[in-house]
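Reviewing the structure listed below.
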Amino acid sequence: MFGGIWTFDSFTLAVDGQEVEGPGFAHPWMEFRDDGTIAGDYGCTPFRMKAKLEANTLTLGEALPVPTPTATPAPSTDTTDSCPTPENQRKEGASRTGPDTQKSNAKGFTQHSVGLAEFEAKVKKFLHRGPLKITEKKLERQPGGPPPGTLPQLRNEHGDVATLDVVRSPDFFDTPFQLTTLTFYDHPEKFQSAKDTSFEFHRDGTVAGKLGCNDFTARVYFNGSHLFFRDAKLTTHRTCAAENMKDEAGILGMLQRSLNYRYTGVSGGLYMREDGDEHWTIGLTFGPAKDQ
């Protein structure tokens with residue numbers, strides 16, 4: 001579990017005997033760190049606290065300051081599927097019973113914030129209700145598939161339970177990937193220059209590789225289940241086939257837009273999609289790099 005980032009399986013958990021599912025834009029996550037802390041997000045609100053692990057028991061302790069982000073992604077043009085800003089949440093709370101209630105409802109603040117507040121309260125209750133036992137949940141075997149694996153599961157003494165699913169596996173870094181598929185407005189397209197691309201992410205917050213013709217580098221910022229790029233640039237200036245040059249310009253432009261992407265990254269691949277309406281966004285799929 002250490003070195004990776006986890007979320008609730010299918011974004012659900014069970015508290016007081018009832019399954020709890022959050023709003024579509026709420027993505028709780030947690031990261032177990034070697035320094036004796038756990039960092040994460042209750043859904044849209046970040047947290048960081050001391051954590052003590054003894055055998056198979058996890059005990060969460062004193063709350064710690066949450067570091068201020070050193071950079072933020074480009075603002076999204078679609079806020080219907082993203083966390084409400086603190087300002088909007090304050091406005092919604094102030095206007096819930098006031099004359100602006102109808103206006104807030106029209107903007108979606110009330111509907112989103114109420115569901116979010118309830119969900120985050122359940123997540124907090126689960127995490128802070130005493131020691132959490134760590135067990136394994138065995139996955140069902142799929143017909144014709146390999147032997148089923150397991151996922152970590154957390155359970156407290158009140159019977160509340162959450163199965164964790166991986167957002168980023170510990171072996172994600174320093175693994176070369178190739179860009180295989182682009183998705184535009186729910187329409188996947190094969191990336192013609194796939195064999196001439198490479199992306200390798202490093203723990204120091206950099207990514208480097210090749211975009212179809214030239215080498216490139218960029219800063220990459222991870223925030224739980226999201227990532228975005230900054231300062232993407234070419235580091236060589238070769239001329240290649242027209243198709244490669246066209247593909248390279250397109251991908252470089254996407255990286256330079258600093259979009260906020262939801263992602264899942266493991267050693268076997270990486271999937272990213274722009275944060276927003278899943279049917280109207282940009283997506284990128286990466287597979288393991290093949291020997292060239």
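Bear in mind the structure is a predicted one, so any value in this text is a computation, not a measurement. If you read the sequence from its start, that first residue is 1, and numbering goes on from there.
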Item to complete: Could you walk me through whether Y261 and Y271 pass the ring-ring contact (aromatic ring centres under 6.0 Å, His included) test, one step at a time?
Response: CA-CA 9 Å; Y261 291 96; Y271 174 70; 9.7 Å; no
Discussion item. Walk me through whether R155 and D160 qualify under salt bridge (Lys or Arg N to Asp or Glu O under 4.0 Å).
Written reply: CA-CA 6 Å; R155 185 185 301 270; D160 305 332; over 6 Å; no
Discussion item. Between K50 and T37, does the side chain to side chain donor-acceptor pair (under 3.5 Å) criterion hold? Intermediate values first, please.
Written reply: CA-CA 4 Å; K50 292 183 178 179; T37 65; over 6 Å; no
Discussion item. With salt bridge (Lys or Arg N to Asp or Glu O under 4.0 Å) as the criterion, how do D174 and R203 come out once you've worked through the C-alpha distance, each side chain's angles and the decisive distance to 0.1 Å?
Written reply: CA-CA 8 Å; D174 302 321; R203 291 187 180 275; 5.5 Å; no
Item to complete: Decide side-chain contact (heavy atoms from CB on, under 4.5 Å) for F216 and K233; before the verdict, give the C-alpha distance in whole Å, the side-chain angles of both, and the deciding distance to 0.1 Å.
Response: CA-CA 6 Å; F216 84 101; K233 58 186 178 183; over 6 Å; no
Discussion item. Using side-chain contact (heavy atoms from CB on, under 4.5 Å), reason through T206 and R219 one step at a time and then give a plain yes or no.
Written reply: CA-CA 5 Å; T206 61; R219 298 289 304 176; 3.4 Å; yes
Worksheet item: When you look at D9 and T163, which way does the side chain to side chain donor-acceptor pair (under 3.5 Å) test go after all the steps?
Response: CA-CA 5 Å; D9 182 35; T163 301; 5.3 Å; no
Worksheet item: Given R48 and D41, is the salt bridge (Lys or Arg N to Asp or Glu O under 4.0 Å) satisfied, shown in steps?
Response: CA-CA 8 Å; R48 179 170 166 260; D41 198 304; over 6 Å; no
Worksheet item: How far apart are the C-alpha atoms of M272 and F286, what are their side-chain angles, what is the distance that settles it, and do they pass the side-chain contact (heavy atoms from CB on, under 4.5 Å) test?
Response: CA-CA 9 Å; M272 301 166 16; F286 299 78; 4.0 Å; yes
Item to complete: Evaluate ring-ring contact (aromatic ring centres under 6.0 Å, His included) for Y221 paired with F228, printing each intermediate quantity in order.
Response: CA-CA 5 Å; Y221 294 87; F228 63 95; 5.1 Å; yes
Worksheet entry | K138/E136 under salt bridge (Lys or Arg N to Asp or Glu O under 4.0 Å): CA gap, chis, key distance, verdict | CA-CA 6 Å; K138 189 172 183 179; E136 288 185 328; over 6 Å; no
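For the pair F32/L58, a side-chain contact is recorded, criterion being any heavy-atom separation below 4.5 Å from C-beta on. Counting heavy atoms from C-beta outward, D16 and H158 have side chains that stay 4.5 Å or more apart. When side chains are defined from C-beta on, L13 counts as touching F119, because their heavy atoms get closer than 4.5 Å. Two residues are said to be in side-chain contact when any heavy atoms from C-beta on lie closer than 4.5 Å; T264 and L270 fail this criterion. Residues F172 and V266 are not in side-chain contact: their nearest non-hydrogen atoms beyond the backbone lie 4.5 Å or more apart. At least one side-chain heavy atom of L127 sits under 4.5 Å from a side-chain heavy atom of Y42. The shortest side-chain heavy-atom distance between Y263 and V167 falls under the 4.5 Å cut-off. Annotation: side chain of H226 is in contact with side chain of H27 (closest heavy-atom distance under 4.5 Å).
The minimum heavy-atom distance between L116 and G43, with the atom names listed, is CD1-C, 4.5 Å. Listed here is the closest heavy atom pair of E243 and S193: O-OG, 3.9 Å.
Interatomic distance, S225 OG to D165 CG, rounded to the nearest 0.5 Å: 12.0 Å. Between the CG atom of D196 and the CG atom of L179 there is a distance of 11.5 Å, given to the nearest 0.5 Å. Once rounded to the nearest 0.5 Å, the distance linking CZ of F199 with OG1 of T175 reads 15.0 Å. Expressed to the nearest 0.5 Å, how far CZ of F229 lies from CE of M254 amounts to 9.0 Å. Note that CZ of R262 is 12.0 Å distant from CD of E274, once rounded to the nearest 0.5 Å. Atom-to-atom distance recorded for L53:CG and I38:CD1 is 10.0 Å, nearest 0.5 angstrom.
Side-chain heavy atoms closer than 4.5 Å link hydrophobic residues (I, L, V, M, F, W, Y) into clusters, and following such links, even through other members, never connects M30 to V161. Under the 4.5 Å side-chain heavy-atom criterion for Ile, Leu, Val, Met, Phe, Trp and Tyr, I134 and V15 are members of the same hydrophobic cluster. Hydrophobic clustering (ILVMFWY, side-chain heavy atoms < 4.5 Å, transitive): L132 and M49 are in one cluster. Cluster annotation: L182 is connected to I282 through the hydrophobic network of ILVMFWY side chains, with a link wherever side-chain heavy atoms come within less than 4.5 Å.
With no hydrogens or angles considered, a side-chain donor-acceptor pair links N214 and E248 at under 3.5 Å. A side-chain donor-acceptor contact under 3.5 Å links D171 and S267. Under 3.5 Å, the side chains of K210 and T197 contain no donor-acceptor pair of N or O atoms.
Environment of NZ in K137: sparse, with no more than 12 heavy atoms of neighbouring residues, nucleotides or ligands closer than 6.0 Å.
Distance alone, capped at 3.5 Å, is enough to place a donor-acceptor pair between the Q256 side chain and the A232 backbone.
A cation-pi arrangement is found for R168 relative to F222, the charged atom lying closer than 6.0 Å to the ring centre and inside a 45° cone about the ring normal.
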